[in-house]
Amino acid sequence: MSETSCFHCGQPALKASQVIQPIQGESQVFCCHGCAGVCEAIHEAGMEGFYRRTPEGELLSPPPPPTPNADFYDYDEVQSQFVTSLDSRRSITLMSEAIHCAACIWLIEHTLAKLDGVLMAKVNFTNKQIKIRWDNERIQLSDIIHALNRIGYDATPYDASASEEAYRKANRDLLYRLGFAGFAMMNVMWFAVALYAGADEDPEFRHYFHWVQWVIATVTLIYSGKPFWRGAWQSLKARNVGMDVSITLGILTTYFYSFWVTIDPTHSGDVYFDTMIDFIFLLLIGRYLEAISKNKAMDSTRRLMDLQPKVARQIEGQNDQVSVVPVRKLKPGDRVMVKPGDQIPVDGVVLTGTGNVNESMLSGESREIAKQPGMRVSAGTLNLDGTLTIEVSAILQGTMLGRIVSMVEDAQGAKAPIQCTAEKIMPWFVSVVITLAVLSFAYWIVHADLETAMIAATAVLIITCPCAFGLATPMATAVASGVSAQNGILIKNASVLEVLQQMNHFVFDKTGTLTQGKMQLQELIWADQAPADEAGRSHLIEAMVRIEFHSEHSLGKAIVEALQAQYPALKNERMTLDRFQAHPGRGVEADWQGRHYLIGTRAWLSQYQVDFPPGLVKKEAERGAVGETSVWVVRDGQVQAVLFLKDPLREDARALIDRLKVKGKQVTLLSGDRQAVAESVAKELGGMEVIAEVLPDEKHDVIARLQQTQPVVMVGDGVNDAPALARARVSMALGSGTDVSMDCADVILLNNELLSVDTALALSQRTLKTIKENIISSIIYNVTFVPLAMAALLTPLIAAITMPLSSLVVILNAARIRRFFHPKAIRQREAEAQEAMIKAPEPD
């Protein structure tokens with residue numbers, strides 16, 4: 001042998017760079033010092049079983065360079081960016097691109113388990129992550145990283161952007177293979193057409209074209225077909241016959257039969273290299289679409305963390321000097337200043353200052369919260385109108401937003417993979433095909449000759465190639481995903497189309513999902529002390545508009561918008577006042593044309609010795625029970641009016657809930673709002689189970705608890721819904737929601753229509769029906785043509801011509817899904833829904 005293989009990685013060890021190292025008393029050859037060091041470390045740790053577990057024939061990669069500056073990660077200031085808490089027992093997620101097989105998992109977990117102080121080590125092969133929990137008082141993080149380096153694995157704290165780049169690289173590789181297969185298919189088709197057109201009558205031309213096709217087919221098989229034959233090999237090693245096995249069997253059978261015809265100039269048969277390249281190309285299309293749908297949302301948590309500011313205004317020294325510093329340098333007890341319009345960078349307690357804070361990104365509720373000294377604030381929320389001094393209690397991963405990120409990651413990791421109907425049938429299908437091919441060969445070699453036996457067996461394998469099975473699911477889901485996106489329903493996870501129709505429990509967020517998420521004026525009730533004439537009331541309305549125009553509160557904006565819509569002339573007025581002062585969380589105070597106005601809550605106005613009419617107080621209590629907010633208007637110490645505002649239901653909310661109930665689905669309302677408000681909304685929607693007063697980080701736990709009995713579909717729109725969306729078996733987000741909620745969702749309703757939930761449910765039913773039709777058509781095809789092939793009545797040429805017909809039927813049947821959104825089909829579904837509503841029994 002001209003060159004020696006490295007004892008560790010199996011790569012060629014060139015003489016110029018060979019390293020000789022004694023391993024267990026025997027001298028071994030290595031390609032580099034890195035492999036020698038790693039092998040020695042593995043044997044010293046008693047982990048030589050790693051080499052026995054490494055897949056046979058699979059070469060390892062030379063060890064990557066050690067993690068640079070590993071000691072840097074021992075500092076608490078640095079670890080605070082990656083660990084959940086800085087207690088003695090800490091947890092972190094590391095990434096290692098060197099993880100490539102199950103043997104790596106065994107080696108890493110067993111090596112780390114031997115380290116004193118490592119409490120848990122778990123390797124995720126799919127995303128190449130290592131989750132570690134350790135006692136920081138017994139072992140340092142750098143020691144763990146160095147231990148991984150010694151056995152050949154790089155290790156750095158998990159970084160979302162690096163993970164995203166890895167997924168993009170994998171998708172790019174698959175796209176290149178797809179593009180090459182398409183290029184090869186177009187070129188080999190010219191030679192196939194020439195042969196079918198009569199060039200095969202000239203032996204020289206025929207032989208030359210066969211060899212040219214062989215070259216193209218061989219390169220395509222090696223490069224573009226790699227995902228299939230590599231998957232088949234892994235499947236066989238695991239003693240499991242999967243779809244890749246049957247696909248590879250069909251590809252290789254076609255290839256070797258064609259190669260046999262090519263190398264035998266006297267053979268009268270035809271080659272089928274063009275057919276082989278065709279179905280590699282078609283199958284890669286389905287594989288690529290499946291890959292991008294799986295990987296698209298893997299790092300949605302990165303955008304979640306982007307909501308948290310990276311810098312803060314720190315207050316230091318006796319002179320309270322303000323300097324801008326990175327958030328990661330802050331520690332509990334530090335003070336930061338947050339100006340109006342800034343996002344709050346940390347979790348903490350307000351020391352000085354008052355102001356309104358918009359917490360909708362966490363709570364999902366549309367109203368602002370007035371903050372005073374002693375009240376808690378959360379990172380990522382928006383400070384609207386006051387300068388706040390905050391004492392830091394938590395930063396980065398320790399904040400509420402950080403905990404939400406952690407829950408999203410855990411929930412995404414907990415999702416079980418979908419098993420396609422075709423994959424369940426495939427092991428039996430492959431076994432039957434191989435058995436029939438062997439029986440055909442055995443029969444004809446006894447009753448005829450070798451050529452007849454080979455042609456019969458090959459015809460069986462070619463005609464039963466599982467292209468139709470392979471395309472049944474991805475083609476249907478690809479068409480459904482494409483046509484739904486054109487109609488405002490973006491399906492990010494195509495496998496949802498297979499399971500959504502099976503779901504029986506739908507959970508809805510309230511604010512922004514079932515409601516519009518925007519406060520609206522419901523009614524203005526005048527007090528007895530208010531002017532009775534139209535002119536006097538018009539003057540008072542103008543005062544309300546002028547005063548609230550200067551307010552930054554959502555209630556003030558809703559009042560201005562509603563009153564200006566009723567009185568368009570007020571849009572052209574100059575909104576000047578003699579004096580204006582905002583009282584955060586209470587109301588506003590102003591002077592105009594010699595009169596003093598107070599507009600705000602009754603609790604605040606009580607401080608001014610205002611006499612409230614008993615009738616309006618009673619009305620306020622009644623409206624409050626149904627979720628309406630009251631705003632009192634006082635002029636010169638007398639109540640003039642009270643305005644009632646409410647977040648109204650979406651127009652299609654009731655119709656959707658009714659349709660789901662008619663279909664026998666269980667519906668639950670999940671909200672952080674008060675129980676009375678949530679129940680009033682449920683009553684308006686015809687009644688449903690209510691789970692209210694749930695904190696943002698508790699929604700995740702509620703969904704987990706509900707799923708202990710049956711899978712759940714979660715529909716939401718806010719950041720606070722992100723963990724619940726990730727935990728649910730199927731998740732949907734409205735297009736009007738936050739980017740984070742949409743990243744965590746399987747389905748995004750870009751059209752912002754709630755009835756699209758029912759449409760997606762119907763599309764799921766249609767897609768699954770199409771998948772089943774495709775599989776049945778493939779079975780019928782095989783039942784019809786396999787007996788003919790076994791009887792040697794079909795040549796491989798006829799088999800190659802008829803085999804694509806099953807794939808063509810699958811493709812055309814899947815294309816019929818495009819008619820789902822045709823106006824006629826939509827009208828028919830609407831009519832069926834109305835008919836079902838009429839026939840539905842009245843609720844008790």
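Note that the structure is predicted; figures quoted are calculated from it, not measured.
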Atom of Ala181, atom of Ser224 and distance for their closest heavy-atom approach: N-OG, 3.4 Å
Does any part of the side chain of Val757, heavy atoms only, come nearer than 4.5 Å to the side chain of Val747, both counted from C-beta? no
Are the side chain of Lys661 and the backbone of Gly686 linked by a donor-acceptor contact shorter than 3.5 Å? yes
Heavy-atom pair with the smallest gap, counting every atom of Leu521 and Ala562: CB-CB, 3.6 Å
Can you find a pair of side-chain heavy atoms, one from Leu761 and one from Leu660, that are under 4.5 Å apart? yes
With the side chain counted from C-beta on, respond yes when Phe508 and Ile657 share a heavy-atom pair under 4.5 Å apart, and no when they do not. yes
Carboxylate-amine/guanidinium contact Asp758 Arg829, below 4.0 Å: no
Give a yes or no on this: more than 12 heavy atoms of other residues, nucleotides or ligands lie within 6.0 Å of atom CZ of Arg819. no
First locate atom CD1 of Ile826, then atom OG1 of Thr759, and finally report the distance between them rounded to the nearest 0.5 Å. 7.5 Å
Residue list, side-chain hydrogen bond (donor to acceptor under 3.5 Å, both in side chains) with Glu561, at least two apart or on another chain: Lys518
Approximate separation, where rounding is to 0.5 Å, of Leu685 CG and Asp658 CG: 8.5 Å
Can you tell me how far CD of Gln502 sits from CD of Gln765, rounded to the nearest 0.5 angstrom? 10.5 Å
Phe820 and Ala825: which non-hydrogen atoms are nearest, and at how many Å? O-CB, 3.5 Å
Walk me through it: do Gln501 and Lys663 pass the test side chain to side chain contact (heavy atoms under 4.5 Å, CB included)? CA-CA 11 Å; Gln501 53 85 34; Lys663 293 181 178 180; over 6 Å; no
Enclosure of Phe821 CZ (heavy-atom neighbours >12, cutoff 6.0 Å): yes
Can a donor-acceptor pair be found, under 3.5 Å and without considering hydrogens, that links the side chain of Gln707 to the backbone of Arg729? yes
Could you walk me through whether Leu763 and Ile817 satisfy the side chain to side chain contact (heavy atoms under 4.5 Å, CB included) test, starting with their C-alpha distance in whole Å, then the side-chain angles of each, then the deciding distance to 0.1 Å, before giving a yes or no? CA-CA 9 Å; Leu763 180 61; Ile817 298 178; 4.1 Å; yes
Could you grab the distance from atom CD1 of Ile691 to atom OG of Ser671, nearest 0.5 Å is fine? 11.0 Å
In the structure I gave you, are the side-chain heavy atoms of Leu500 and Met732 within less than 4.5 Å of one another anywhere? yes
NZ or CZ of Arg623 within 45° of Phe644 ring axis and under 6.0 Å: yes
Donor-acceptor pair, Ser764 side chain versus Ala760 backbone, under 3.5 Å? no
Side chains of Asn504 and Gln666: do they bring a donor and an acceptor to under 3.5 Å? no
Between Met688 and the options Thr668, Val507, Leu669, the side chain to side chain contact (heavy atoms under 4.5 Å, CB included) test singles out Leu669
Glu651, CD atom: more than 12 neighbouring heavy atoms under 6.0 Å: no
So do Gln828 and Glu832 actually touch side chain to side chain, heavy atoms under 4.5 Å? yes
For the residue pair Tyr781 and Phe785, categorise the inter-ring angle as parallel (less than 30°), tilted (30 to 60°) or perpendicular (more than 60°). tilted
Between Leu734 and Arg650, does a side chain to side chain contact (heavy atoms under 4.5 Å, CB included) hold up when you go through it step by step? CA-CA 12 Å; Leu734 292 169; Arg650 290 179 180 267; 3.3 Å; yes
From CG (Leu175) to CZ (Arg177), nearest 0.5 Å: 11.5 Å
Taking Glu684 first and then Lys646, would you say they form a salt bridge - that is, a charged N and a carboxylate O separated by under 4.0 Å? yes
Hey, is the main chain of Ala728 close enough, under 3.5 Å, to the side chain of Ser731 for a donor-acceptor pair? no
I'd like to check Lys665 versus Val713 (side-chain heavy atoms, cut-off strictly below 4.5 Å). Are they in contact? no
Spacing of OG belonging to Ser756 relative to CG belonging to Asp652, to within rounding of 0.5 Å: 8.0 Å
Quick one: closest heavy-atom pair of Leu514 and Ala653, and the distance? O-CB, 3.7 Å
Do the side chains of Arg705 and Glu698 get close enough for a salt bridge, i.e. N-O under 4.0 angstrom? no
As a quick check of understanding, evaluate side chain to side chain contact (heavy atoms under 4.5 Å, CB included) for His505 and Thr709, giving each step before the final call. CA-CA 10 Å; His505 193 176; Thr709 56; 5.7 Å; no
Pairwise side-chain contact, Leu174 with Pro227, heavy-atom cut-off 4.5 Å (strictly under): yes
Is a salt bridge present between Lys699 and Asp509, judged by a nitrogen-to-oxygen distance below 4.0 Å? yes
Taking every heavy atom of Leu754 against every heavy atom of Thr513, the minimum-distance pair comes out as CD1-O, 3.2 Å
